[in-house]
Structures are given as C-alpha cells and as structure tokens.
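First comes the structure, then the notes that go with it.
We use all heavy atoms of the structure for the numbers below, so side chains are in, but hydrogens, waters and symmetry mates are not. Numbered from 1 within each chain, the chains take letters A, B, ... in sequence-line order.
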Amino acid sequence: MENLNAFYDEWLDAQKKMMKNWMEAGDHLRQSFAGATRDQESETRKSTFDFHETLMGMHQSWASATASAFEAMQKNLSQSIGRETLTNIFSSAETYMKLFEFWLPIYKSLQDKTLDPASYQRLFEPARYKEILDKVFAFVSPGNFKEFYDLALKHLETVMPFAQSLNRQFAGFAQSHAEMFSGALGRDSEAAVKAYENILDAYQKSLGPMLKLPALGKARENIELTLSLLKRYPAYLAQYGKFQNHMYAAGQKAMEKIMAEFARRMKDQTAAQSYDEFFKLWAETNDQAYHELFNTEEFSALSAQLQSAGLEIRKDFQRVLELALADYPLVLRSEMDELYKTVHELKKRIHDLEAAMRANATGGSKR
Amino acid sequence: MMPPATIFDPIAAAKETLALSRKLVKAYETLSRLGNIEVGATPKEPVFECDKIKLYHYRQEHRITCKVPVLLAYALVNRPYMLDLQPDRSFVRHLLQQGLDLYVIDWGYPTKADKYLSMDDYLNIYLNDCVDFIRQATEHDQVNLMGICQGGSFSVIYTALYPEKIKNLVTMVTPVDFSTNDGLLFRWSKSMNVDALVDAYGVIPGDFLNAGYMMLRPFMKIGKYLDILEALGDRDKIENFLRMEQWMMDTPAQAGKCYRQFIKDLYQQNKLVKGGMVIGEKRVDIKKITMPLLNVYAGDDHIVPPGATTPLNDIVGSADKQLYAFKGGHIGVFVSSKSQKELAPAVAKWLHERAN
C-alpha cells in the first residue's frame, strides 16, 4: 500500500504543479484584461481567443497526464468490478474535461458580450464537439475500418495469390473511403451513400469479375465469401455514417438549445456560477434531446438496419474462418453446433422419459 | 459582490479541475482498499438443480405464517440478487420477516452449448420442474408464483399453461402488452432483426444487451459516475454503489432460440394479448388465469412502462385481481426504502389473505 500511496501522491503533485502554472497564467491574463473598455472591444476579442488557446493547451496536458496515470492505476486494482467502475469514472471525467475545454471559449465570449452568430460558428468547432459525442457513444475509430480492409485483402491474397494486383487496385480506393466514412462523411449521410456507390463501382470493376471465374474447388467459396465481405462492408459503413449523422445532428441541436438557455440565464443573471452546474444543464438537455431522437420510428429502423448489416458481416466472417481452418485438426463452430443440438435433443428425451417413469411410480398423483 | 457568472474566473476554473483530479485519486484509493463486494445477503441453500438451473430455498429464521410456499422467478436477462442486494436493502429479507416461505430460481449463465434452449425448455421443463419440486417437498398441491420483469412474463405464460399448480399469481414490473412504444426497448425491439442476431451469435452475449441498456440514458450515466466522486469518503455508500454496478454489469448471455421466440412472439407480435402463442406443443390461453392476481407496476418505470404492465388485469380470467401502483422506477421497486417499508409488507399481506 505504501508504494501505492507514493504513486498517486506523485501523480497528484504533478497535477498540482500543472494547475499552479495554469492559475498563474490565468491570473496574468486576467490582469491584462482589466481596464479593457468598449473602445478596446476588438482588442479584447483578440485577447479572448489568445487566452483560450493558452488555457486549452494546459488543459490538454491535464488530459494526457490523467490518461497515462489511469492505465497504471487500473492494473493495481484486483477486483473486476473495481476496475470496471474506475474505467467508467475516468471515462466520465474525460468527457467532463473535454466539454470543459470546448465550453470555455464560448463561455468567455458570452461574458465579454462578444458572442454573435459569426463568433459562435468560429468557437463551435464541430470536429471537437464530435470528439465529445464519439466518447459518449463509443463510436468506432477509422483505424478499425482500415484494419478490417487490411485483413480481408490479405486473406484474399493468401487464398488467391494471382489476384494481388486486382486486390491492390480496389484496396487503395476502398481504404481511403473507409477513413472518410468516419470523418466528414459521418456528418453527411447523402455523401456517405454516394461514397458507398463509388466503392461498389470500384469493386465491380476490379474484384467483381472474379466471381465469373470457373469453379476452383473449395477455394472458390472462400474467395466468394471474402469478396462478399468486402462488398458488404461499405454498405455497413454507409449505414454507420447515416447513424452517426443523426447522432451528431441531435447533439448539435441540443448544444444550440443549451447555449440559448445559458445566454438567457446570463442576461437574467441567473446563470450557473460553476462549470459543474453548466455540465449538469448540458447532460440533462442532451438526455432529453437524445431520448426524443431514440424514440422515433426512423431512428429505430436505422439502428436495426445498421445492426443487421453488421451481423451479416459477422456471419460471413465466421464462415471464412471456418473455411480457413477446415484443413486443420480442429473442431469447427458449425460442428459444435450440431453436437449441441444433438445433446439438447437427447437431454429432452431423457427428461421426458424420467418424468414418465416418475408419473408411473406415483400413479400420476402430483403431476 | 459580483453578480453570478458575469465575471469569468480562471482560477476558479483551474480549482474545479484540480478538485476533479483530487477526486479521481481518491476514487482510486477508495476502490483499491475495498475488499470483495458481497451480494445476495440472505442465507439460502440449493435444493434442486437441472442443467444450469438451480432452485434455492431461503433459510427462514422467523415463524412461517403463510403456509403456501412462494416461488420467485426473476428475469433471464439479469441476476436475481437484485431482490437481496444487501442486508438493509433486501426485498427477500422483508418478505421472510413477514412469514413467507421463499424459493428462488437461478437461471444460471447460458454458454454456447445452450443455444438451442427454447421457451419450451425454460417453461415446460425448468420452471415446471421447480414448481413440482416445491409441491412435493412442501406437500402442497399449489404454490404462489411471484414473477419479476421478464420472469413475470414467464410466470404469466406458465400460469396460463398450468393453472392447477398456482394458488396465487404475483407479477412485478412485468411486461405483458408489448404494443406500447412508451419505453425505448419496446420501440427498438419491434424493428430488430432477431433472426440475424441469433444466427450470428447463437447465444446472445450479455455485453450486447448491456450496450442496449446503456443507450437508454447515455448522458445520465456520465453524471452518475461523476456524482459518486462526491461520496468517496463514505464507505457504505461506495459499497452500495458497487453492488448496484455489479448487478448492472452482471448480465448473463441469452440462449438464442429462447431469445428469438421471446422477441418475435412478444415484442413484435404481442401474442400474449392477441393470442396465438404456443410453447412446445401447448397453446397459451391467458383466460385460463383465474386465480387471484396481484399486479405491481412502477409509475416511473422507463424499462417496462406502465402501458406494458397494467393491461394484464384486463385480459386474465381472474375475478380477484388487484393493481398496485408503486411510486418509483423499475429498480426502485426492489431496492428503495419505500419498497422495503411498504411494498414487501403489502405483498405479504395480500398473500396471507389468500393462503386458504
């Protein structure tokens, strides 16, 4: 326990030092604002943005210090429920801090009375707000999409070495689009569908003709399945982009509502005095906004389609794995399924026979 | 004095951040010093088992004043220790104090080998065997059946199939009319492609279900974990919090065949109300439920909204039927102080009055 104490004492000291620097910088900047008059408004506006940059830089170092310490902390916890809870606490704290970083310039601008539609647009950076929502909803990162393509194409090359050049032709195109799906396209569902059509087109021109090849024995099913996977994946990504688009739009709408409410409260001098109070307003408004979204038929259908598209990929992928393992002395999933089915049926028959025997023995009095 | 929030104070903001850092360290310190989190506080012993199913009998330290034994049937999707989370928050303990003789089914944790378990298996074999065991062990022809949440839907179906074995039926936060869209789970399940899900997984992972529950109120979840940082000095509060966390994360996988039928027949086709449900080879006729019915629902339930629970009283054949409105949410029914003080005694009283 002594080592443990030393560890987090050290961590907290580092945090304190960082906060001290922050406070000093904040103090300095505040002094420089003192005396700013209406005549100096444009200068104040400039200072506001400089000030934010300074604070945000410090805050980012807070986040990275926390993240690296968290991993070490987590390893020291023996109980799984403790680890899981700590993960959730840190993840929530990270969201809390990310929002703080995002909110600070807007809040300052509101106070300085420099917030107008143009400066709001400048301060509300969709890409940074998207990061907050990605964190809340645990959206998949572009890296995962790339990895999928890499794996699928490598597999295809293994089972069909002569197709390498065709694969690469498709791969380059598809990978760049996969990254785009979780980036800009994630916010524009129509563009996502268009991109999907482009990938499909590239697929048909490059890998598609392979399906017309004569039968190649067992390898053919393998190739067909892998190609089917590559074909299904953009369809899934298009759904994913559409889904994210709905989520981001709801988030942005909620944020606009929050800022309007916050501006009203500031005018009435009833606004939250601390960031913590602002955070509560943010969470409550978002909770309501997302409930409204989730409770629509459209969202329900969309999330079901997304789920189905993902499940189809999973099914194809499992079959590809089975084919790859078929020549090894391993029991395959489908073979185990047959066994499970047989055992289940036998158990049922035994149960029925035992029940019949008991009924005979007791004359059926109780059953 | 400055008017609120008209002056931005970077030092105050930095202090808020530092305070959060301190709390995170404190959270780590507190969690690392806690021992094992115990749940299921009341002593009980296994009396019957079949495959992964276990039937437990609670040790009764008080005089049994209600002769008819009570079987608790909890949902498959969560663990039954919600009813007995800790000594001072135990619905079970309060029922025992009221003189009931209690049994509970533990449905276990299905594995891949259980993918072919169907509603027929759960109802006509497992639940039926547990009921028969209790009938034989206690020498009673009938038992009281108390079904909770999905376990309540199972209990309703079972009672309709075997009305002669059930003396009184108690349902708690039990979905019966799935036509409602008041709860998000009801809306989402209607669009779900359950065939694709079961075909892909075989046995539906608990994590999949948890992800759905987490989506119900994702922003409140963040607030919950930040709020607990305020209670780090209070060991009891933290332990209580962790017990609840453990329960929420402890979601068993679901046998695919059973899950498929439950979603299709109930959430998507509402067969309990519309008719046409078949379990194994037995047709379910809800009008065959003619024994006394106590239907407990929670007014603020967002998991199983009142619109899904209360119609039960309109469709059964019972003459003696009662609706009990609990002021609270789905979980509060079992863990709130009101539940311990009011609901448990009310349920026990209702059963005592119908024991003969």
When heavy-atom pairs shorter than 4.5 Å are enumerated against chain B, which of [options] gives the highest number?
options: A/Ala301, A/Ala304, A/Ser300, A/Ser308; answer: A/Ser300
options: A/Met336, A/Arg333, A/Glu284; answer: A/Arg333
options: A/Ala283, A/Gly310, A/Ser303; answer: A/Ala283
options: A/His344, A/Gln318, A/Lys315; answer: A/His344
options: A/Lys348, A/Gln307, A/Glu312; answer: A/Lys348

Can you find a side-chain donor-acceptor pair between [X] and [Y] that sits under 3.5 Å?
X: B/Tyr116; Y: B/Asp121; result: no
X: B/Lys165; Y: B/Asn128; result: yes
X: B/Tyr126; Y: B/Asp51; result: yes
X: B/Tyr162; Y: B/Asn124; result: yes

Requested in this report: Mind checking the CG-CG spacing from A/Leu293 to B/Leu184? Nearest 0.5 Å is all I need.
Outcome: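 Between A/Leu293 CG and B/Leu184 CG, I get 10.0 Å after rounding to 0.5 Å.
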
Examine whether an atom of [X] lies under 4.5 Å from a heavy atom of chain B, and if so say whether it belongs to the side chain, the backbone or both; otherwise answer neither.
X: A/Tyr290; result: side chain
X: A/Leu133; result: side chain
X: A/Glu297; result: both
X: A/Asp352; result: neither
X: A/Ser91; result: neither

Below 4.5 Å from any heavy atom of chain A, which atoms of [X] appear? Answer side chain, backbone, both or neither.
X: B/Met249; result: side chain
X: B/Ile228; result: side chain
X: B/Lys257; result: neither
X: B/Phe208; result: side chain
X: B/Met214; result: neither

Query raised in the report: Can the ring centres of A/Phe299 and A/Phe243 be said to be less than 6.0 Å apart?
Result: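 Ring centres of A/Phe243 and A/Phe299 closer than 6.0 Å.
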
Query raised in the report: Just one of B/Ile134, B/Asp132, B/Leu55 clears the side chain to side chain contact (heavy atoms under 4.5 Å, CB included) bar with B/Phe48, so which one?
Result: B/Leu55

Report task. Determine, step by step, whether A/Arg349 and A/Glu345 satisfy the salt bridge (Lys or Arg N to Asp or Glu O under 4.0 Å) criterion, reporting the C-alpha distance in whole Å, the side-chain angles of both residues, the deciding distance to 0.1 Å, and the verdict. Result -> CA-CA 6 Å; A/Arg349 285 175 66 183; A/Glu345 283 165 2; over 6 Å; no

Query raised in the report: Among B/Asp182, B/Asp120, B/Leu216, which has the most heavy-atom pairs under 4.5 Å with chain A?
Result: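 That would be B/Asp120.
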
**Report entry** Residue, of B/Lys221, B/Glu164, B/Lys224, B/Met215, that accumulates the most heavy atom pairs under 4.5 Å with chain A
**Finding:**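 The option with the most such pairs is B/Met215.
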
Do the non-hydrogen side-chain atoms of [X] and [Y] ever get within less than 4.5 Å of each other?
X: B/Ile238; Y: B/Asp234; value: no
X: B/Val39; Y: B/Trp247; value: no
X: B/Gln268; Y: B/Ser189; value: no

